[in-house]
Each structure stands twice: as C-alpha cells, then as structure tokens.
Amino acid sequence: MERLTISIPAAKSSLVKQILKEFGVVIQPEKQTDISEFRKKLANVSVWSDDDVKVFEEGKRAFENLKPQQW
C-alpha cells in the first residue's frame, strides 16, 4: 500500500473523499494538536532550586579532586 498526501479545496473535499472511498482508499483524519496537553505536561516539569543543584556541583568538584594512585 502506498501513502499519499493531497491538498483538496474545501469546497470539493467531501466529493473527493466520497470518490476515493468508493475506490477503497482509507482516509485518515488529521491529528489535532492539543495545546492544553502540552501545557499540562510542562506544568508537571520539576523545578530545581540552587540547593538541589549544589549537590551535583559538590559531587563534580569531589570527582575532579581525585588523584590517581601511584603504583
């Protein structure tokens, strides 16, 4: 099966869809972008304070201060 994307004038859309359906073409509806869903997801993103990030900075500094052992 082959996938095609076509632009149909709004006035002829129902006629073209009807003809295509008679030929066995499967017409998939367009995905509607729901902005409210994106907003809900963004609202759940956690916010880190400077104290939260400080733990990582301290760990980074501790790791950088490690010296390899001499054999």
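What you are looking at is a predicted structure, and each value in this text was computed from that prediction instead of being measured. Side chains are part of it too, since the values below use all heavy atoms of this structure and drop only hydrogens, waters and symmetry mates.
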Participant: Taking Ile6 as the starting point, is it possible to reach Val25 by hopping between hydrophobic residues whose side chains are less than 4.5 Å apart?
Facilitator: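 The answer is yes; both residues are in one hydrophobic cluster.
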Participant: Applying the 4.5 Å side-chain criterion to the ILVMFWY set and letting contacts propagate, would Val16 and Ile27 be lumped into a single cluster?
Facilitator: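 Same cluster: Val16 reaches Ile27 through Ile, Leu, Val, Met, Phe, Trp or Tyr contacts under 4.5 Å.
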Participant: For residues 50-58, please give each side-chain donor-acceptor pair under 3.5 Å, one per line with the distance, not counting sequence neighbours.
Facilitator:
unit_1 : atom_1 : unit_2 : atom_2 : d
Asp52  : OD2    : Ser49  : N      : 3.1
Asp52  : OD2    : Ser49  : OG     : 3.3

Participant: Should Leu4 and Phe23 be counted in the same cluster of Ile, Leu, Val, Met, Phe, Trp and Tyr side chains packed under 4.5 Å apart?
Facilitator: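 Each belongs to a different hydrophobic cluster.
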Participant: Can you tell me how far NZ of Lys41 sits from OG of Ser36, rounded to the nearest 0.5 angstrom?
Facilitator: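 Here the rounded value is 10.5 Å.
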Participant: Which value, rounded to the nearest 0.5 Å, describes the distance between Glu64 atom CD and Leu66 atom CG?
Facilitator: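 CG of Leu66 is found 10.0 Å from CD of Glu64.
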